[in-house]
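The chain is numbered in sequence order, starting from 1.
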Amino acid sequence: MHAPSRGLAYAIYYTALAAIAVPVNYVTILILSRGRCGLSRCITRYLVSMAVTDLLVIITAVILNRIPGIYFPGSFLSITPVCSVIIALTYAARVSSVWLTVSFTFDRFVAICCQKLKTKYCTKKMAAVIIGMVCTLGCLTNVPWYFIHEPIYIINNVPWYCKLNYIRYTSPVWTVFDWLDHLLTPCLPFLLILLLNALTVRHILVASGGRRRLRAQSNGEYQSDPEMQSRRKSIVLLFTISGSFILLWMTYVIQFLYERFTNDYKIKGFSDPKFILIESANMLQLLSCCTNTFIYAATQRKFREHLKTSVQYPLYAISKLVK
């Protein structure tokens, strides 16, 4: 694919992503906030916070960064201090979104595997505390991104556009920061999610076998177990969310490891395979910000019902106005 065609493809992709991700995340926030989807308040708070941070990622990374850069180059958003703020906010929202996914995974691990801790940890108050801590740390730890950028041009004493300062590649402090940034998002979350899911599966398999044998001995025959059915639904939701996260962030992890172990940061142009890898990683990473709504719709019956109503109501109102 030639550079102009590739540029058009990126323009179409980011425009479509914004057009889909903003309304689906907004509708998700509205539906889950009502608390009528049969989920606990603890789970609901995590899912709402994940939808909010995903929406913020789309607003900062796509609507305020990628789309203006494609359609409105040289706009107010391209002034260096402004685009530096947008980049820092993008990183903060992204880190918060990733670690809220980890927090949700850990909450479900505790709820299923640690019954003694469940009553104290899996509460809406604790969920609010964890969410607040994650978002606060996500903002504070990404403040340095504002200071690492410098202008490409200075026209009439106005700095334009953002590029990484060369000190990022020469300063030991920035090298450590860069490694920590990528290890904490998303390498460590990858490992934590895989570990927690493996421990959860192991516990469920052991518990399922024990409960099945106990109920068979008590009733003389196998009967449906409401407790295990409830756990199964929770596990389907957990695994689809964490599995989607891992798949869509995998390219980003591969790109990071390739750059660090080859020490190759130069990009020769739009046709450079390394540029294509970087841009593909960014596209997939941003796509992860609108997949959870479809996961909820696929796994949660009550969410599907409310989503259907939310879609039908404006269409019904429009048809009434037309008539």
R36 bridged to E305 by N-O distance under 4.0 Å: no
task: May I ask you to decide if the ring planes of F275 and Y10 are parallel, tilted or perpendicular, using 30° and 60° as cut-offs?
output: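 Rings of F275 and Y10: perpendicular, as their planes differ by over 60°.
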message: Check this for me: Y153, atom OH, are more than 12 non-hydrogen atoms of other residues, nucleotides or ligands nearer than 6.0 Å?
response: no
task: Decide if atom CZ of R304 counts as having more than 12 heavy atoms of other residues, nucleotides or ligands within a radius under 6.0 Å.
output: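 Enclosed: over 12 neighbouring heavy atoms sit under 6.0 Å from CZ of R304.
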Min side-chain heavy-atom separation [X]-[Y] under 4.5 Å:
X: F245; Y: P189; answer: yes
X: S103; Y: I131; answer: no
X: C83; Y: W160; answer: no
X: L287; Y: Y13; answer: yes
X: I167; Y: I148; answer: yes
X: Y296; Y: L32; answer: yes
X: N165; Y: W174; answer: no
X: Q255; Y: T251; answer: no

Nearest non-hydrogen partners of [X] and [Y], listed with the distance:
X: I246; Y: F190; value: O-CZ, 3.3 Å
X: T101; Y: T105; value: O-OG1, 2.8 Å
X: H203; Y: I112; value: NE2-O, 3.0 Å
X: T291; Y: S288; value: OG1-O, 3.2 Å
X: G138; Y: V95; value: CA-CG1, 4.1 Å
X: P151; Y: K163; value: O-CE, 3.9 Å

Could you tell me the separation between the [atom1] atom of [X] and the [atom2] atom of [Y], rounded to the nearest 0.5 Å?
X: I43; Y: K124; atom1: CD1; atom2: NZ; answer: 14.5 Å
X: N197; Y: F109; atom1: CG; atom2: CZ; answer: 10.5 Å
X: L17; Y: I12; atom1: CG; atom2: CD1; answer: 13.5 Å
X: R34; Y: I29; atom1: CZ; atom2: CD1; answer: 12.5 Å
X: I31; Y: Q300; atom1: CD1; atom2: CD; answer: 12.0 Å
X: S244; Y: I295; atom1: OG; atom2: CD1; answer: 4.0 Å

For the pair [X] (side chain) and [Y] (backbone), establish whether a donor and an acceptor sit closer than 3.5 Å, ignoring hydrogens and angles.
X: Y91; Y: V143; value: no
X: N292; Y: A51; value: no
X: T53; Y: M50; value: yes

message: One pair to check against ring pair (Phe, Tyr, Trp, His ring centres under 6.0 Å): F177 and W145. What are the steps and the verdict?
response: CA-CA 10 Å; F177 173 78; W145 284 111; 5.5 Å; yes
Consider only side-chain heavy atoms of I, L, V, M, F, W and Y, link residues closer than 4.5 Å, and tell whether [X] and [Y] are in one cluster.
X: I79; Y: Y146; result: no
X: Y26; Y: I59; result: no
X: L195; Y: I241; result: yes
X: L191; Y: I193; result: no
X: L286; Y: L89; result: no

message: Which residue in the set L284, N282, L257 passes side chain to side chain contact (heavy atoms under 4.5 Å, CB included) when paired with Y252?
response: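 The single option meeting the side chain to side chain contact (heavy atoms under 4.5 Å, CB included) with Y252 is N282.
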task: Please state whether the sulfur gamma atoms of C122 and C42 sit closer than 2.5 Å to each other.
output: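 No; the two sulfurs sit 2.5 Å or more apart.
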- request: Report the C-alpha separation of N65 and T60 in whole Å, then their side-chain angles, then the decisive distance to 0.1 Å, and conclude whether the side-chain contact (heavy atoms from CB on, under 4.5 Å) test is met.
  value: CA-CA 6 Å; N65 190 329; T60 55; over 6 Å; no
- prompt: So I63 and V22, side-chain contact (heavy atoms from CB on, under 4.5 Å) or not? Walk me through it.
  reply: CA-CA 10 Å; I63 296 178; V22 170; 3.7 Å; yes
field: Pair T299, T240: side-chain N/O donor-acceptor within cut-off below 3.5 Å
entry: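 Short answer, no.
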- prompt: Are L188 and L183 close enough, and set up right, to give a side-chain contact (heavy atoms from CB on, under 4.5 Å), and what steps lead you there?
  reply: CA-CA 6 Å; L188 182 57; L183 289 176; 5.7 Å; no
message: Out of the candidates Y121, Y46, W99, only one should pair with F106 under the ring pair (Phe, Tyr, Trp, His ring centres under 6.0 Å) rule; please name it.
response: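 Only one of Y121, Y46, W99 forms a ring pair (Phe, Tyr, Trp, His ring centres under 6.0 Å) with F106, namely Y121.
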task: Begin with the C-alpha distance, continue with both residues' side-chain angles, and end with the deciding distance and a verdict on side-chain contact (heavy atoms from CB on, under 4.5 Å) for C290 and I58.
output: CA-CA 9 Å; C290 69; I58 294 298; 5.7 Å; no
